[in-house]
Enquirer: 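Pasting a structure below so you can have a look.
Throughout, numbering of the chain's residues begins at 1 and tracks the sequence. Source: prediction; values computed, not measured.
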Amino acid sequence: MKLSTKGRYAVMAMCDLAVKGRAHPVPLADIARRQEISLSYLEQLFAKLRRAEIVTSARGPGGGYRLARAGSEIRISDIILAVDEPIHATRCMPGQPLGCRGNKTRCLTHDLWEELGNQIHFYLQSVTLEDVIRRRVLGTGGQGFASEPGTSTPVAAQ
């Protein structure tokens, strides 16, 4: 299973916004350049993020986007779901009693893959945007130390 470009790019752009947008709105062109993401693609993603009330926009000179609430209140799962990125590992729709086989039965491994999708969703619900930019997700996968964002100075993972 692989998270699509849509979800990954949305999270990358939101992390950029969280870091660079503390003092003033950030133009999408700046995020596109720093993250090497197409501006037109970002415009589509940010329209969805705005509708989901995860970001706000400011027009005119000095305009751009800001987080609609603190990074500690924005879960990675919120971002992924806002850009219409379902997280599941089965061919079937999650929670459906019918399976995806030709005779509408569930395969023997269906519950395994459905539970994997659930665990991924639960994990992404437990991680906030602030956790990512503060590198507090390192250490959860076996890494004991991270570096301070923007430096090579090691800091203990929290």
Enquirer: Report, as yes or no, whether the 6.0 Å neighbourhood of atom NZ on Lys48 holds more than 12 heavy atoms from other residues, nucleotides or ligands.
Expert: yes

Enquirer: Could you walk me through whether Ile37 and Ile31 pass the side chain to side chain contact (heavy atoms under 4.5 Å, CB included) check?
Expert: CA-CA 8 Å; Ile37 302 171; Ile31 296 172; 5.6 Å; no

Enquirer: Find the distance between CD (Glu130) and SG (Cys15) and round it off to the nearest 0.5 Å.
Expert: 10.0 Å

Enquirer: Could you measure the distance from the CZ atom of Phe46 to the CD atom of Glu43? Nearest 0.5 Å is fine.
Expert: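 These two atoms lie 10.5 Å from each other.
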
Enquirer: If every non-hydrogen atom of Ala18 is compared with every non-hydrogen atom of Ile133, which pair is closest and at what distance?
Expert: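 Heavy atoms of Ala18 and Ile133 come nearest at CB-CD1, 3.9 Å.
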
Enquirer: Provide the closest heavy-atom pair for Ala13 versus Leu42 in the form atom of the first, atom of the second, distance.
Expert: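 For Ala13 versus Leu42, the nearest heavy atoms are CB-CD2, 3.6 Å.
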
Enquirer: When you group the ILVMFWY residues by side-chain heavy-atom contacts below 4.5 Å and let the links chain together, are Ile74 and Tyr123 in the same group?
Expert: yes

Enquirer: For Val83 and Ala10, which heavy atoms make the closest approach, and how far apart are they?
Expert: CG1-CB, 3.8 Å

Enquirer: Using 0.5 Å steps for rounding, measure from the CG atom of Leu129 to the CE atom of Met14.
Expert: 5.5 Å

Enquirer: May I ask you to decide if Leu39's main-chain N or O and Arg33's side chain share a donor-acceptor pair within less than 3.5 Å?
Expert: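 No; judged by distance alone, with no hydrogens or angles, the pair does not exist.
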
Enquirer: To the nearest 0.5 Å, tell me how far Gln125 CD sits from Asn118 CG.
Expert: 10.0 Å

Enquirer: Taking all atoms of both residues into account, what is the closest heavy-atom pair of Ile54 and Ala82, and its distance?
Expert: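 For Ile54 and Ala82, the tightest heavy-atom pair comes out as CD1-CB, 3.7 Å.
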
Enquirer: Dump the intermediate steps for side chain to side chain contact (heavy atoms under 4.5 Å, CB included) on His121 and Leu81, then the final yes or no.
Expert: CA-CA 10 Å; His121 181 73; Leu81 293 173; 3.7 Å; yes

Enquirer: For Glu53, does the CD atom have more than 12 heavy-atom neighbours from other residues, nucleotides or ligands under 6.0 Å away?
Expert: no

Enquirer: Got a second to check how far Ile120's CD1 is from Ile76's CD1, nearest 0.5 Å?
Expert: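 Result: 14.5 Å between the selected atoms.
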
Enquirer: Among Val19, Leu67, Leu17, which residue meets the side-chain contact (heavy atoms from CB on, under 4.5 Å) test with Val26?
Expert: Leu17

Enquirer: Show the nearest heavy-atom pair for residues Asp78 and Glu73, with the distance to one decimal.
Expert: OD2-O, 4.2 Å

Enquirer: Looking only at non-hydrogen atoms, find the nearest pair between Pro25 and Pro27 and report the distance.
Expert: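 Where Pro25 meets Pro27 most closely, the heavy atoms are O-CD, 3.8 Å.
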
Enquirer: Just verifying a value: how many Å separate Tyr9 OH and Ser4 OG, rounded to the nearest 0.5 Å?
Expert: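 One gets 10.5 Å once the value is rounded to the nearest 0.5 Å.
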
Enquirer: Decide yes or no on side chain to side chain contact (heavy atoms under 4.5 Å, CB included) for Leu49 and Tyr65, but give the supporting numbers first.
Expert: CA-CA 10 Å; Leu49 293 166; Tyr65 285 88; over 6 Å; no

